[in-house]
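Each chain gets a letter, A, B and so on, in the order the sequences are listed, and its residues count up from 1. Since this is a predicted model, take the numbers as computed values, not measurements.
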Protein chains: 4
Amino acid sequence: MGGLLEVMAERGYEGATIVAIAKAAGLRSGLVHYHFETKRAILVALVERLVETVDQRFKSRLQGVDGTPRERLDAWIDAHLALGPDADPDAVAAWIFIGGEAIRQADVRQIYQRAMTSRISGAQQLVRDVLMSEGRSTQKMAELAALLVAAVEGAYQLGATVPDELPSGFAAPYVQRVLRGLIDSEPRVKGG
Amino acid sequence: MGGLLEVMAERGYEGATIVAIAKAAGLRSGLVHYHFETKRAILVALVERLVETVDQRFKSRLQGVDGTPRERLDAWIDAHLALGPDADPDAVAAWIFIGGEAIRQADVRQIYQRAMTSRISGAQQLVRDVLMSEGRSTQKMAELAALLVAAVEGAYQLGATVPDELPSGFAAPYVQRVLRGLIDSEPRVKGG
Amino acid sequence: MGGLLEVMAERGYEGATIVAIAKAAGLRSGLVHYHFETKRAILVALVERLVETVDQRFKSRLQGVDGTPRERLDAWIDAHLALGPDADPDAVAAWIFIGGEAIRQADVRQIYQRAMTSRISGAQQLVRDVLMSEGRSTQKMAELAALLVAAVEGAYQLGATVPDELPSGFAAPYVQRVLRGLIDSEPRVKGG
Amino acid sequence: MGGLLEVMAERGYEGATIVAIAKAAGLRSGLVHYHFETKRAILVALVERLVETVDQRFKSRLQGVDGTPRERLDAWIDAHLALGPDADPDAVAAWIFIGGEAIRQADVRQIYQRAMTSRISGAQQLVRDVLMSEGRSTQKMAELAALLVAAVEGAYQLGATVPDELPSGFAAPYVQRVLRGLIDSEPRVKGG
DNA sequence: GATGAATGAGACTTCATTCAT
DNA sequence: AATGAATGAAGTCTCATTCAT
């Protein structure tokens with residue numbers, strides 16, 4: 001699973017052979033099928049772990065802040081785009097390939113969709129909290145959340161393939177700033 | 001090439017066998033290698049064609065507008081996120097897989113990087129034109145352009161995997177609106 | 001046929017594709033099968049031509065000498081091992097491969113055997129003439145002829161694969177000298 | 001490897017398919033690539049083994065003789081041309097094809113050249129020992145050695161393709177006798 | 001005579017999976 | 001738990017040969 005992450009990051013899912021996965025995990029190839037029924041099962045487990053890792057990172061980011069809506073939204077963005085100490089370039093590259101496998105394989109798609117749905121609605125909740133706390137219209141919250149998640153996924157792709165073309169300080173800090181701009185431009189509502 | 005697009009859209013690059021590619025193109029498998037040296041060469045040709053298609057679409061969108069900076073930026077977004085009559089879901093799905101192949105294969109990466117670099121700098125130019133025409137600061141133009149391209153790529157991914165989770169009217173119209181909001185929030189500069 | 005010779009010299013028979021053979025002959029691939037039924041037929045024609053070329057060379061070498069038995073034997077050796085103006089390294093290399101094809105393919109084997117049989121008996125005749133003209137025993141003539149032909153074939157192989165290991169002036173002049181030595185060591189017979 | 005020897009002896013290298021090689025070795029085709037990276041690697045291993053086999057045969061022939069120079073030279077010839085109990089017609093036929101592959105394939109050529117170089121210099125050493133032990137001139141030793149090796153290689157070719165044309169008792173015994181004749185015709189040197 | 005696209009069989013090779021030890 | 005040999009299906013690619021033009 002850790003082996004798959006490593007190998008997949010540079011060769012993709014199909015390119016990750018059982019032998020390579022095993023070697024990357026410090027095992028022998030024969031043993032892999034003792035722990036996992038099939039190669040697909042390893043992928044499924046990996047997807048689940050990656051999703052959970054990000055969720056955990058968000059939770060741990062929340063510990064350190066007192067919890068204003070703005071802070072929580074920033075923590076979410078930071079957790080998803082972190083390039084800090086717990087950043088993992090392999091995970092980002094692997095995630096790109098997982099995005100493709102979600103198109104091809106029903107079981108991966110299911111987990112992937114569940115994760116993205118939860119991610120989008122989580123983002124939407126946080127955006128709504130900010131908007132409401134500032135007495136702004138929540139009319140656009142769905143679109144703001146969708147844009148936020150799309151920007152995150154797109155940033156993964158660009159980060160993995162054309163890192164040199166991105167402005168320094170891209171990713172988390174900038175998306176936070178941009179989102180603040182977008183939120184600030186939402187109109188205040190009466191009685192907010 | 002058209003065959004690869006079709007098959008790749010649902011099975012990815014590795015999953016697109018020569019036989020399937022040939023069948024999708026109405027050919028027999030042996031003939032494929034008469035026209036293309038290797039399977040990779042088909043992919044390379046396809047990537048080039050997809051990139052060019054989007055570029056052409058932008059140019060043709062430009063024909064219909066009189067050409068204010070705002071209109072040109074909207075045309076760019078529309079060309080990249082079009083879900084209208086010339087939309088091509090297969091191309092979007094194939095593009096996801098190409099994003100992965102760009103990580104694995106040096107020759108694909110080269111074309112992909114060139115395309116993305118050109119796409120980012122094109123976007124930046126358009127953003128700058130809008131900012132300057134409105135007397136606004138161009139300080140953030142690089143980041144705005146990067147965010148724009150990231151949002152486009154992310155929208156492809158979400159559109160291909162979780163279309164039901166996106167707000168209706170997502171994609172082009174919304175990103176246009178959002179970008180307008182971002183631009184409007186850039187400060188005016190003296191003497192602009 | 002000339003095309004096959006050239007290509008075969010560096011790639012062998014199986015490695016010589018119709019396209020390569022055609023190109024080497026200045027033709028297009030489709031035309032080859034207009035002149036030859038199959039690829040094997042080209043090989044058969046080539047073998048026949050190579051055999052005949054050597055025979056012709058022997059005949060033309062004979063023209064220049066007045067025809068003592070010794071001179072005729074020397075001419076034979078020279079014709080078979082010539083490294084002079086009419087030497088053809090490609091033909092030597094191709095002949096190596098033909099020696100292999102004679103093992104695999106019945107039709108090639110037939111021509112090859114006929115050629116070698118004729119070559120051996122020709123050599124034997126010449127050796128006998130020398131022996132008899134000098135009043136020596138002809139008891140060993142078969143073995144001398146066989147050794148001569150073997151040395152010729154072996155010289156082809158060594159010349160094609162390890163030319164640097166051979167003493168300068170190997171091939172014709174040396175084999176002539178050696179053979180003279182062998183003949184000289186045959187005992188004189190009474191009444192010869 | 002043993003499978004390749006067997007199949008190659010009658011079909012050549014290109015004609016020896018992996019499936020046939022496997023079957024000849026009593027294996028299934030998939031397993032072949034578990035032990036050998038490529039088909040070429042099998043060939044390389046076979047070439048090395050054949051070379052070594054002849055070397056071993058020479059060493060074992062040396063055991064039985066007390067070791068005069070003449071005896072050692074005879075043992076060398078016998079080891080290389082043996083048609084006795086340890087003769088191997090398949091190995092001879094395969095060696096013919098290897099001679100061709102040495103022209104086509106750089107890695108085979110390397111091993112082949114090393115083997116032939118060593119074979120020629122080994123022969124030269126033995127010839128020199130005989131010449132010196134008999135007080136004869138060593139001037140021609142290089143050419144004698146080259147001729148000896150050429151005769152050996154040529155005898156393989158003739159033995160594999162036109163065995164019926166060779167005098168009975170050809171090969172080892174005869175070449176030994178011939179070489180003795182040649183050596184005997186070398187002049188004695190003063191002080192020898 | 002000449003062309004080059006088209007065909008289809010078959011080659012090497014890869015690899016997930018199984019299984020005896 | 002662990003190993004690594006073994007299997008067999010499937011994939012890419014090559015190429016002699018055919019054929020319409």
From the candidates dG1(E), dC12(E), dT12(F), the one with an atom nearest any side-chain atom of K39(D) is dC12(E)

Which residue lies toward the 5' end of DNA chain F, T38(C) or S29(B), if each is placed at its nearest nucleotide? S29(B)

Please give, in whole Å, the distance from dT14(E) P to Y13(A) OH? 19 Å

Any H33(D) side-chain N or O less than 4.0 Å from OP1/OP2 of dT14(E): no

Find the distance F36(A):CZ to dA1(F):P and express it as a whole number of Å. 13 Å

What is the separation between atom CD on E14(A) and atom P on dA16(E), rounded to the nearest whole Å? 9 Å

Would you indicate whether the side-chain heavy atoms of I18(C) and H33(C) approach each other to under 4.5 Å? yes

Rounded to whole angstrom units, what separation is found between the NZ atom of K23(D) and the P atom of dA11(E)? 11 Å

Please give the nucleotide sitting opposite dG8(F) as a Watson-Crick or G-U wobble pair, both distances under 3.5 Å, or none. dC15(E)

So, taking the atom named OH in Y13(A) and the one named CD1 in I42(A), what distance separates them when rounded to the nearest 0.5 Å? 7.5 Å

Take R40(C) and L27(D), find for each the nucleotide of DNA chain F with the closest heavy atom, and name the residue whose nucleotide sits nearer the 5' end. L27(D)

Roughly, in whole Å, what's the span from CD1 in I18(B) to P in dT12(F)? 5 Å

Whether R28(C) contacts dA2(E) is assessed here as follows: a side-chain N or O lying under 4.0 Å from the phosphate OP1 or OP2. Is that the case? no

Do the charged groups of R11(D) and E6(D) touch, with an N to O distance under 4.0 Å? no

Minimum heavy-atom distance V51(D)-A115(D), with the two atoms named: CG2-CB, 3.6 Å

Can you see if the side chain of H35(D) gets near the phosphate of dA6(F) - specifically, an N or O under 4.0 Å from OP1 or OP2? yes

Does the distance from a Lys or Arg side-chain N to an Asp or Glu carboxylate O, for E14(B) and K39(B), drop under 4.0 Å? no

By nearest-nucleotide position on DNA chain E, the 5'-leaning member of A16(A) and Y34(C) is Y34(C)

Per nearest nucleotide of DNA chain E, the residue lying toward the 5' end, G30(A) or L31(C), is L31(C)

Please give the nucleotide sitting opposite dT21(F) as a Watson-Crick or G-U wobble pair, both distances under 3.5 Å, or none. dA2(E)

